[in-house]
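What follows is a single structure, written as structure tokens, with notes after it.
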Amino acid sequence: QPTISSDLFISALYEMENDLIAEITKVILEVTAEQLAETDGREKLSLAIQEHLNNYLESEDMFPGITGVFITNFNIV
């Protein structure tokens with residue numbers, strides 16, 4: 001059943017949250033403030049995070065089920 005599979009996938013992601021944050025950080029460190037200021041730059045970052053996380057999940061023998069990444073807030077220091 002799709003709902004059960006989705007729930008199990010989300011539960012597995014919660015269990016590896018710290019690892020996923022570390023993987024996202026690797027991608028974010030490659031982005032400049034100028035890129036984040038542009039809509040296109042944020043879209044490219046979202047796609048880069050999605051691709052990187054799915055590659056990471058595959059390397060962990062998990063289904064690469066990240067279908068979207070949304071940047072809701074960011075701070076430039």
Side-chain angles (χ1 to χ4, degrees):
Q1 296 181 17
T3 303
I4 294 172
S5 296
S6 296
D7 290 346
L8 292 174
F9 179 69
I10 291 169
S11 293
L13 292 180
Y14 279 127
E15 290 178 16
M16 57 190 319
E17 182 176 4
N18 291 333
D19 295 331
L20 296 175
I21 291 170
E23 294 301 316
I24 292 169
T25 301
K26 292 176 185 178
V27 177
I28 290 173
L29 290 175
E30 298 175 7
V31 179
T32 66
E34 291 79 20
Q35 290 169 317
L36 283 176
E38 300 292 327
T39 302
D40 184 55
R42 292 189 298 275
E43 289 174 2
K44 288 180 181 177
L45 175 60
S46 292
L47 286 174
I49 291 170
Q50 178 182 332
E51 290 174 11
H52 186 81
L53 286 180
N54 280 327
N55 289 336
Y56 175 76
L57 291 173
E58 283 184 314
S59 75
E60 296 292 312
D61 296 323
M62 289 186 62
F63 174 71
I66 306 297
T67 59
V69 173
F70 303 95
I71 299 173
T72 58
N73 188 15
F74 63 92
N75 297 308
I76 300 174
V77 181

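- Taking CD1 of I71 as the start and CD1 of I28 as the end, the distance is 7.5 Å to the nearest 0.5 Å.
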Which atom pairs, one a donor and one an acceptor, fall under 3.5 Å between side chains of residues 13-25 and the rest of the protein, sequence neighbours left out?
from, atom 1, to, atom 2, distance (Å)
E23, OE1, H52, NE2, 2.7
E23, OE2, K26, NZ, 3.0
T25, OG1, I21, O, 2.8

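- With a 4.5 Å cut-off on side-chain heavy atoms, L47 and E43 do not count as touching.
- Considering CE of M62 and CZ of F9, their distance stands at 5.5 Å, rounded to 0.5 Å.
- For the residue pair G65 and L57, the shortest heavy atom distance occurs at N-CD1, 4.2 Å.
- For the side chain to side chain contact (heavy atoms under 4.5 Å, CB included) with I66, the lone residue among N55, N54, I49 that qualifies is N54.
- For the atom pair CZ of F70 and CD of Q50, the computed distance is 9.0 Å after rounding to the nearest 0.5 Å.
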